[in-house]
K.L.:
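Before anything else, here's the structure in question.
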Amino acid sequence: MSKSFQAIKGTKDLLPVDTARWREFEAVIHDTMQQWGFGEIRTPIFEKTELFSRSVGEESDIVSKQMYTFIDQSDTSLTLRPELTAPTMRAYIQHNMDREGALTKLYYMDTLFRQERPQAGRLRQFNQFGAEAIGSPHPEQDAEVIVLACAILNKLGVANPTVLVNTVGSSESRERYRSELVNFLTPLKNELSETSQKRLKSNPLRILDTKDKKEVALLSDAPDILNCLNSEDLHHFEKVQGFLNELGIAHECSNKLVRGLDYYTRTTFEITSPDVGAQNALCGGGRYDELIEQLGGKPTPAVGFAAGIERIMLALGEKQDQTTEKVMVYIVTASESAVDSLFRLANKLRQNGISTSFDTLRRSVKAQMREANRLAATHAVIVGDEEIADSSAKVKNFKTGEQNTISMNDLVSHLKSL
RNA sequence: GUGGGGGUAGCUCAGCUGGUUAGAGCUCCAGGUUGUGGUCCUGGCGGUCGCGGGUUCGAAUCCCGUUCCUCACCCCA
């Protein structure tokens with residue numbers, strides 16, 4: 001046992017008992033996204049490392065410690081994608097998608113990798129779905145993306161989501177806020193944690209995200225970004241909230257919400273759940289008006305979100321699978337000669353769209369019946385010498401216990417009519 | 001990288017102030033008279049008690065090391 005192989009730390013197998021639920025989940029995503037006019041994009045599982053270091057931010061800790069990065073045979077540094085916005089934008093630029101229309105709406109649902117110590121809701125290989133609306137600088141686009149995220153979580157049945165919204169301003173406003181924040185924090189420098197002290201230089205806004213109680217207290221008097229916004233930024237933020245209000249989407253303004261990505265401008269948002277554990281963010285996103293240009297495209301505004309599938313599943317908790325009403329047949333052979341005609345019969349049923357299973361272990365009738373029940377078949381079709389002789393089959397309904405003799409010629413139509 | 005909890009049958013766990021052949025429930029398999037499930041009854045398969053070392057006449061049980069899982073911290077795209 002100790003010598004056998006095990007899934008890599010932070011990765012999980014999905015067994016048949018799990019995949020049913022995943023497929024349902026995925027169906028909701030695909031359906032809703034299509035309904036909202038978003039088209040699916042699938043990008044390669046790895047990219048040049050530089051794509052991420054340039055977009056996510058050079059913060060070397062993150063880039064070097066939390067990404068799966070390796071050198072390939074031609075000495076190129078590649079990275080298993082840790083997020084999907086940058087790859088999606090890369091594809092958008094590469095395929096000149098701006099020429100297909102002024103507004104491009106894309107969604108994805110794919111697998112990502114991060115090398116972190118696993119815990120509840122945080123795996124090393126995990127899945128996200130998300131949407132990106134590329135081309136519009138206007139607040140209704142921010143709102144649509146947020147509303148879409150809410151709609152999906154709602155459809156999935158997430159119970160107590162909290163929507164947090166904030167704005168980090170355009171780069172102009174943010175610059176002004178940044179210097180005010182630095183002015184505020186510098187005199188307090190010695191009371192800050194080591195990482196926060198570093199950030200004071202590299203990325204002071206991130207300090208707002210701290211969970212350190214002492215720092216949270218210090219920050220209660222910190223300048224508010226809303227006071228540093230220029231009028232366009234302020235107007236944009238107000239409009240976004242206005243749309244949310246109009247649609248009755250409850251949300252909280254959190255002026256401390258600064259998402260970790262460097263590329264955000266103006267709107268940032270997050271949806272959290274109390275039912276998940278320490279990693280409570282189900283979904284996060286925001287506007288990134290400068291990213292596409294940074295990656296070598298034309299200046300193009302965009303806004304999007306990404307949501308963690310495993311975390312949402314956690315928030316949903318255990319759900320009992322509902323029994324399907326669909327007819328599912330298990331063929332029971334009661335004699336050796338019946339085995340000979342087994343395939344023909346099974347094929348006939350399957351070709352007619354009837355879910356069919358049977359035993360290949362040559363087990364007793366009792367064992368076959370047991371198996372049928374275990375597999376939750378709705379009906380048993382029993383064939384033995386007797387039935388072969390008069391070209392019929394017994395059809396037993398497991399729910400009612402009723403059993404009828406049906407002629408072979410009528411079997412398919414009989415089963416289909418159930 | 002740091003800290004807490006935990007590794008005993010396929011699963012959930014009991015046993016752990018050391019004592020002879022290691023248990024339960026569920027699952028699985030097989031029977032309960034002729035070819036019929038689920039319920040019920042009976043029986044069976046299944047464990048070198050995570051791995052290595054130590055203490056002891058004797059260790060699942062005590063000690064040390066190690067590894068994996070898990071939750072949390074850090075961090076969070």
Side-chain angles (χ1 to χ4, degrees), chain A residues 1-12 15 17 51-53 55-57 59 61-68 79-87 112-124 126 128 130 193-196 198-199 206 209-212 258-264 268 270 276-281 283-286 288 291 304-308 311 314 330 332-338 359 361 363-388 393-403:
Chain A
M1 197 138 77
S2 58
K3 291 282 185 270
S4 60
F5 288 104
Q6 231 181 327
I8 301 299
K9 182 201 284 292
T11 68
K12 280 224 158 66
L15 306 181
V17 67
L51 174 65
F52 300 112
S53 50
S55 61
V56 175
E59 292 285 83
D61 264 20
I62 295 165
V63 168
S64 68
K65 280 189 183 168
Q66 297 182 10
M67 299 202 303
Y68 275 103
T79 292
L80 299 183
R81 60 187 175 201
E83 63 120 27
L84 274 164
T85 300
L112 312 176
F113 304 84
R114 282 178 210 174
Q115 194 160 185
E116 297 176 287
R117 188 68 73 90
Q119 71 190 65
R122 174 190 275 176
L123 295 171
R124 289 184 166 180
F126 59 101
Q128 288 189 341
S193 66
E194 205 178 310
T195 40
S196 290
K198 274 188 200 161
R199 282 179 171 162
R206 289 304 316 282
D209 248 353
T210 186
K211 283 179 195 160
D212 186 305
V258 181
R259 311 245 335 128
L261 289 161
D262 283 0
Y263 53 61
Y264 284 122
T268 58
E270 199 165 284
V276 192
Q279 304 302 319
N280 66 353
C283 168
Y288 46 95
L291 177 60
F305 78 86
R311 279 189 197 178
L314 266 183
Y330 194 90
V332 172
T333 49
S335 68
E336 256 183 64
S337 50
D359 182 69
L361 296 173
R363 289 189 286 184
S364 68
V365 170
K366 180 173 185 152
Q368 292 180 65
M369 292 298 282
R370 248 204 284 260
E371 181 73 355
N373 193 255
R374 194 177 71 79
L375 296 175
T378 58
H379 296 77
V381 170
I382 305 160
V383 182
D385 290 336
E386 212 179 285
E387 287 75 17
I388 289 175
K394 298 276 190 316
V395 175
K396 174 157 182 167
N397 181 326
F398 277 117
K399 212 169 176 181
T400 63
E402 253 179 275
Q403 182 167 308

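First the proteins, then the strands, lettered A, B, ... as listed; each starts at 1. Here the structure is a predicted model, which is why all the values come from computation and not from measurement.
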K.L.:
Give one of base, sugar-phosphate or nothing for A:R81, where a contact means two heavy atoms less than 4.0 Å apart.
P.N.:
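It contacts nothing in the nucleic acid.
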K.L.:
Kindly give the heavy-atom pair with the smallest separation between A:A306 and A:Q128, and that separation in Å.
P.N.:
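Nearest pair, atom of A:A306 first, then A:Q128: CB-OE1, 3.5 Å.
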K.L.:
Suppose you measure atom C1' in B:G23 against the same atom in B:A14; what distance do you get, rounded to whole Å?
P.N.:
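The same atom, C1', in both gives a distance of 7 Å.
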K.L.:
For B:U42, give its Watson-Crick or G-U wobble partner with both distances under 3.5 Å, or none.
P.N.:
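In the structure as shown, B:U42 has B:A30 as its Watson-Crick or wobble partner.
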K.L.:
With sugar-phosphate meaning primed atoms plus P, OP1 and OP2, does A:E270 contact a base, only sugar-phosphate, or nothing at under 4.0 Å between heavy atoms?
P.N.:
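Counting heavy atoms under 4.0 Å across all strands, no contact is made by A:E270.
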K.L.:
Counting side-chain heavy atoms from CB outward, which of B:C73, B:C69, B:G35 is closest to A:V365?
P.N.:
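Among the listed nucleotides, the one closest to the side chain of A:V365 is B:G35.
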K.L.:
Once you apply the 3.5 Å cut-off to both distances, tell me the Watson-Crick or G-U wobble partner of B:G3, or none.
P.N.:
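The base-pairing partner of B:G3, which may sit in any strand shown, is B:C71.
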K.L.:
For a quick check of understanding: with a heavy-atom distance under 4.0 Å over all strands, which category does A:A367 fall into, base, sugar-phosphate or nothing?
P.N.:
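Contact class for A:A367: sugar-phosphate only.
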K.L.:
Expressed as a whole number of angstroms, how long is the span from A:K366:NZ to B:C41:C1'?
P.N.:
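Value for this atom pair: 10 Å.
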K.L.:
Heavy atoms only, 4.0 Å cut-off, all strands: where does A:A120 land among base, sugar-phosphate and nothing?
P.N.:
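The answer is sugar-phosphate, as A:A120 gets under 4.0 Å only of primed atoms, P, OP1 or OP2.
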K.L.:
Does a distance-only test, which skips hydrogens and angles, find a donor-acceptor pair under 3.5 Å between the side chain of A:N373 and the base of B:G37?
P.N.:
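Checked by distance alone, the answer is yes.
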K.L.:
Which whole-number value in Å describes the distance from A:Q6 CD to B:G50 C1'?
P.N.:
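Rounding to the nearest Å, CD of A:Q6 and C1' of B:G50 are 10 Å apart.
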K.L.:
If you compare every side-chain N and O of A:R206 against the phosphate oxygens of B:C76 (OP1, OP2), does one of them come in below 4.0 Å?
P.N.:
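Checking B:C76 against A:R206, a side-chain N or O does come within under 4.0 Å of OP1 or OP2.
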K.L.:
What is the distance, rounded to the nearest whole Å, between atom CZ of A:F398 and atom C1' of B:G38?
P.N.:
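Those two atoms, CZ and C1', are 8 Å apart.
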K.L.:
Looking at B:C75, I'd like to know if its phosphate oxygens (OP1 or OP2) sit under 4.0 Å from a side-chain N or O belonging to A:Q66.
P.N.:
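So the side-chain polar atoms of A:Q66 never come under 4.0 Å of the phosphate oxygens OP1 or OP2 of B:C75.
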K.L.:
Starting at the 5' end of RNA chain B and moving along, which residue's nearest nucleotide shows up first, A:V332 or A:A7?
P.N.:
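Its nearest nucleotide being more 5', the pick is A:V332.
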K.L.:
Taking 4.0 Å as the cut-off, does a side-chain nitrogen or oxygen of A:R370 come that near to OP1 or OP2 on B:G38?
P.N.:
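A:R370 to B:G38 OP1/OP2: side-chain N or O found under 4.0 Å.
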K.L.:
Side-chain donor or acceptor of A:Q368 under 3.5 Å from a matching atom on the base of B:U36?
P.N.:
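Check fails, no donor-acceptor contact within cut-off.
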K.L.:
Check the phosphate of B:C71 against A:R117, side-chain N and O only, distance under 4.0 Å to OP1 or OP2. Yes or no?
P.N.:
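No, A:R117 has no side-chain N/O under 4.0 Å of OP1/OP2 on B:C71.
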K.L.:
Tell me what A:G284 touches on the nucleic acid: a base, only sugar-phosphate, or nothing, going by heavy atoms under 4.0 Å.
P.N.:
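No contact at all - A:G284 keeps every heavy atom at 4.0 Å or more from the nucleic acid.
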K.L.:
Taking OP1 and OP2 of B:C76, is either one under 4.0 Å from a side-chain nitrogen or oxygen of A:Q279?
P.N.:
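Looking at the OP1 and OP2 atoms of B:C76, neither is under 4.0 Å from any side-chain N or O of A:Q279.
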K.L.:
Between B:G31 and B:G37, how far apart are the two P atoms, rounded to whole Å?
P.N.:
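Taking atom P in both B:G31 and B:G37, they lie 11 Å apart.
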K.L.:
What's A:R374 touching, base or sugar-phosphate or nothing? Going by heavy atoms closer than 4.0 Å.
P.N.:
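The residue A:R374 makes sugar-phosphate contact but no base contact.
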